[in-house]
Asks: 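Below you'll find the structure I mean.
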Amino acid sequence: MLQKANAPRPPEESVALRVAVAIAVLAATTATLAQGVGGAGVRVAATAGIAFGFALSHWARHRAGYLLKAGLALGVVVAFGSFLDAALGASTGSLAEIQIPLAELFLWVQLLHALDVPARRDLLFSLLSSLVLIAVAGVLSISGGLAVYLLVWGGATASALVLAYRSEIAELPPIVDVHGRLAERRSSVARPVVGAMALVLLVATAVFLVVPAAGAGRAVAFPARLANPVPVPEEGGLSNRTLGDDDPSRAGSKSGAGSGQSRAAFGYFGFSQTMDTSLRGRPDDTLVMRVKAARPDFWRGQTFDVWDGRVWEQSDDAPTTRRGSSPIELQGAAEDRLRGGWSTGELVQTVYVERPGPNLIFAAASPQLLYISDNAVFELNDGTVRTGVELEGGAIYSVVSRRPAVTESILRAAGDGAAAPSSSVERDVVDRYTQLPKVPERVVRLARDVTASSLTTYDKVRALEAWMGANTSYTLDIPPLPPGADAVEQYLFVDKQGFCEQIGTALVVLLRSLGIPARLAVGYTPGERNPFTGLFEVRADDAHAWAEVYFPGVGWQAFDPTADVPLAGEPFSSSAGTGLVSFLAGRLPALPPRAPEALAGVAAAVAMTLAAVGAVRRRLTRRRALAARTWPDLFLERLEVAGAERGRPRRASESAVRYSEALSTSVLPDSRVAHLGPTIESAAFGSETVPDTQRRMAESILSEAELASPTGRRGPES
Amino acid sequence: MSVRLTGLSRPAVALLAVVVALYGVARTTGSGWLMVVLSAVAGITVVAVVLPVLALRRAQVDVIAPRDGTVGRPLELQLRLCRAPIGKARALVPEGEWFRVLGSIDGPLRAVPEVRGVLSSVSVELSTATPLGLVWAAARVAVDLEHPLEIGPQPLDVALPTALQLGTDGDGDRRRAALAGDLVRGVRAYAPGDARKLVDGRATARAGELMVKDLEGPTTPGLGLVVDLRGPAGTAEHTASEAAGLALRALSAGLLVTMVTVEATGAVVGAVDRPVEVGRRLARAVGGTAPPEGLLPAGCYIMRLGPPRP
């Protein structure tokens, strides 16, 4: 059996099959190279080498090539040794760190294999290994650019499978007629390929819409990378070069003054030491980062606790250094460590930084572990984290957040944060996060009036959110804050409109006026989920500010009157294709106003035209078929109709001769009818033409028999 | 037509193994693109399973068979395939080898019958894995024949009994003369009542009186074969083959052959004068009851083939 398995296969002669496989392999190879795998040498060797290899394999397909096989085996050993060397040199042992060397190994194996693919089995193995390569590219890819490679690979693979199958069938002996000619009529290759691809696409889309999403990965595969780490000017300080002159790390910068002359279009003024709510202008839609996570959340960067009526500030200016090898363990806020025995939900996030930004770790609340290619970070006492280096485009870090799996009922059952703090930590929380300047009386009165009937902190928050939702509106276009005006009073009673900074600030101030600890958090909303990569694509205009409220024994919980913040304990599930339709629709070009109606009209016109053309074609085909029918066909059909009308239809296996004999002794009792069958067969198959007189005689015999035996009178069946 | 899946090709098995591994990688790495690739592979799998079945259901098969065949000898069935998917076809009953199908077919399909009997239909097997070659489906189509196909046994090479070999020295005319009683053994004087045609002119001239030919009486009226096919199948087939061999040998020796067989409708006794008739009679013969022996022509050499009498 071993001998049989290893027996050399006949060489594959089909050039088309070889070309299709080569295209599939090259598509997978270039897809992998496009993810940053390998240097210039590997790129040239892989692409040119694979193309050359397939050509060489075809030329040498009839040769044994033992020397070549020995050389290829040696090459595989060398490639594997190189991979082992890279893998053992990985600092953390994480699978993420050896992904690139592993991808390079696959490339070398693919290249070496391409040099020796004489038989169909070898070509199909190449096709299978191209699937592995395209999967490697899929693992490494975080953008939508892989789609083009995938389409090319898919088309080439479908073509290769169809051609391989045809080649296998062509090896069987053909059916030849008596003259030695092939008794077969071949069909084209293009139709089955196109048809198969269309069906595969349809089924794949349906599967993609229902199959569970991939998830966020496991601990062996958390990537982390810092391309060229540059330390921030002040250790533990905040740096945000996108704010230009307002970069808090620049000495003498007017924190919060916001001249913004050299501020990047995607810079957000909230990522600074202070946040001035009188500033106007929003970032553009530049893609700033991609986040891989199992569920959406707010990616928090920092919080503000000191409010002066216009500007927020951070009181903590001495973050704690956390050192260690990756993953770095974070302590979190002191009050977060007072949580009761709630079950915790773990959320893993991997952030792929696209544009340089602040040295803030953006993550869901309560980050506990940080995977980063640095050995020190700085943790503030609110649990947020700053890096010690600038985060440039290309940086990658992973965070594991662990929060209580809270639900509405848990929050309702949690105590009132203002009443009777049970520890010094909670007293500090109350003191710090209920701080307010002189707040206008009507703001305080509003808070009390709206929450008069609410019993729990949770219900008070929801009541205030509802009031704001009913009485104010969200807009980016608000008038400037008058000098000396209180930002919250202006928003609630004068403008009655605002964006996230005004809304979040108003909620925090209203809650603090009731003695409920609350603070303003800034970061990013989840962003739009790309169904193909599974990543949340966060843009600069996703920058956001929202309120966080303290619940004793539970911790901080985010609230936002402008968005639905999911609770950690609420079930969440999504399929891989969630959001596919809206994602694709959002990328279609904008249509003019009446375009849908026009398109519908065009579609209807096209459908009607196609239907009419089809009907005309069918009629023409039928006419041609009728015209092509000969007298024996027509006369036999007439005989069949005559018999069927009288209850004796022709059986499938009955020849014309037998049928006419049967009719002559049953429903058309006339002995002459028995001769009609032989006449038909002579006319159809005889070497000499049946003369017209004989045809007319046959027709008149049938007519006479029909007249003598009208329909409805059935004879015995024979 | 009943269609069934017959198996996975080797590339399909390898593909399934890779897919299982990739699913594990997708869960480990959380890669969204891998789910796209796996969805595409799922699409390929569904298409590879469903299309062959649908394609076979559309196929139209027609077969024209010859009237006669012999066990172990190839015969040609005229096969007409329309709307057939790319794949392979073979005759199943009677069995033949696989031939390729690359489109519509109208040509001969070779088959070698393995079993004696009468076929009112032939079975053709179509198999395809179109278009991707990953999953094979097959369909067996039974096509009713316009006239039954009678498959005779493979004749054994047997010698005629010694008694029938007397006078069988290769002279067919002499034997026919012996059968008819026309063999001249000498001349004699004319006796009243002798036929005029018996007058031998030369002998009369020599003798000076009327002389006539003296003829041999008619010899035995040929071979009578009683073919009893009762008993185990193997024994019955051997008996049929033996009968075929004897009958054909007797016919080639110029003997008259009469066979007694049992068919589905009852005992049949009759002469067979052509090799094709031998095959047809034996194709239709069945076991069941003992063939009657008293119906053979008087004087013929009777041979009883089959299980011993109790």
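Numbered from 1 within each chain, the chains take letters A, B, ... in sequence-line order.
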Asks: Do any N or O atoms from the side chain of Arg100(B) and from the backbone of Ala170(A) form a donor-acceptor pair under 3.5 angstrom?
Replies: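 Judged by distance alone, yes, a pair lies under 3.5 Å.
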Asks: Please find the pair of heavy atoms, one from Trp136(B) and one from Glu168(A), that lie closest to each other, and give the distance.
Replies: CZ2-OE2, 3.7 Å
Asks: Need one label for Ile44(B): side chain, backbone, both or neither, based on atoms under 4.5 Å from any heavy atom in chain A.
Replies: both
Asks: Among Pro173(A), Ala196(A), Gly144(A), who wins on heavy-atom pairs under 4.5 Å with chain B?
Replies: Pro173(A)
Asks: Measure distances from Leu79(B) to the heavy atoms of chain A and classify the residue's part below 4.5 Å as side chain, backbone, both or neither.
Replies: side chain
Asks: With a 4.5 angstrom heavy-atom cut-off, which part of Leu124(A) approaches chain B: side chain, backbone, both or neither?
Replies: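 When you check distances to chain B, only side chain atoms of Leu124(A) fall under 4.5 Å.
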Asks: Please determine, among Pro11(B), Gly43(B), Ala48(B), the option with the most heavy-atom pairs under 4.5 Å with chain A.
Replies: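 Heavy-atom pairs under 4.5 Å are most numerous for Gly43(B).
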Asks: Go through the atoms of Ser159(A) and report whether side chain, backbone, both or neither lie under 4.5 Å from a heavy atom of chain B.
Replies: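 Neither part.
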Asks: Taking side chain as everything from C-beta outward and backbone as N, CA, C, O, which of these in Thr45(B) sits under 4.5 Å from a heavy atom of chain A? Side chain, backbone, both or neither.
Replies: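 When you check distances to chain A, no heavy atom of Thr45(B) falls under 4.5 Å.
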Asks: Highest number of heavy-atom pairs under 4.5 Å with chain A: which of Ser9(B), Ala84(B), Ala129(B)?
Replies: Ala129(B)
Asks: Output the option from Val203(A), Leu535(A), Val207(A), Ile169(A) having the highest count of non-hydrogen pairs under 4.5 Å with chain B.
Replies: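 Heavy-atom pair counts peak at Ile169(A).
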Asks: By ring pair (Phe, Tyr, Trp, His ring centres under 6.0 Å), which residues pair with Phe125(A), not counting sequence neighbours?
Replies: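 Result, ring pair (Phe, Tyr, Trp, His ring centres under 6.0 Å) vs Phe125(A): His113(A).
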Asks: The test is side-chain contact (heavy atoms from CB on, under 4.5 Å); show your working for Leu172(A) and Val101(B) and say whether it passes.
Replies: CA-CA 9 Å; Leu172(A) 292 169; Val101(B) 175; over 6 Å; no
Asks: Which atoms of Val50(B) are under 4.5 Å from chain A, going by heavy atoms: the side chain, the backbone, both sets, or neither?
Replies: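 It is neither, since no heavy atom gets under 4.5 Å.
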Asks: Non-hydrogen atoms of chain A under 4.5 Å away: do they reach the side chain of Val36(B), the backbone, both or neither?
Replies: both
Asks: Counting only heavy atoms closer than 4.5 Å, note whether Leu199(A) contacts chain B via side chain, backbone, both or neither.
Replies: both
Asks: Do other residues, nucleotides or ligands put more than 12 heavy atoms under 6.0 Å from the CZ atom of Arg191(A)?
Replies: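 No, the 6.0 Å shell around CZ holds no more than 12 heavy atoms from other groups.
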Asks: Identify which part of Ala135(A) has an atom lying under 4.5 Å from any heavy atom of chain B, answering side chain, backbone, both or neither.
Replies: both
Asks: If I measure from the heavy atoms of chain B, does Val132(A) come under 4.5 Å with its side chain, its backbone, both, or neither?
Replies: side chain
Asks: Which atoms of Val25(B) are under 4.5 Å from chain A, going by heavy atoms: the side chain, the backbone, both sets, or neither?
Replies: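 Contact with chain A is through the side chain of Val25(B) alone.
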Asks: Over all heavy atoms of both residues, which pair between Ala40(B) and Ala204(A) is shortest? Give the atoms and the distance, please.
Replies: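 What the structure gives for the nearest pair is CA-CB, 3.7 Å.
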Asks: Against chain B, label Ala206(A) side chain, backbone, both or neither, depending on which of its atoms sit under 4.5 Å from a heavy atom there.
Replies: neither
Asks: Could you tell me which non-hydrogen atom of Leu128(A) sits nearest to which non-hydrogen atom of Leu15(B), and how far apart they are?
Replies: CD1-CA, 3.9 Å
Asks: Between the side chain of Arg10(B) and the main-chain N/O of Arg121(A), is any donor-acceptor distance below 3.5 Å?
Replies: no
Asks: Please name the pair of heavy atoms, one in Ser655(A) and one in Glu146(B), separated by the smallest distance, quoted to 0.1 Å.
Replies: CB-OE2, 2.6 Å
Asks: Determine whether a donor-acceptor pair (N or O, by modelled atom type, separation under 3.5 Å) exists between the side chain of Trp33(B) and the backbone of Ala147(A).
Replies: no
Asks: Using the side-chain contact (heavy atoms from CB on, under 4.5 Å) rule, pick out the option among Ile86(B), Thr130(B), Leu132(B) that qualifies with Val162(A).
Replies: Leu132(B)
Asks: Between atom CG of Leu81(B) and atom CD1 of Ile175(A), what is the distance when rounded to the nearest 0.5 Å?
Replies: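 Nearest 0.5 Å value for the CG-CD1 distance: 7.0 Å.
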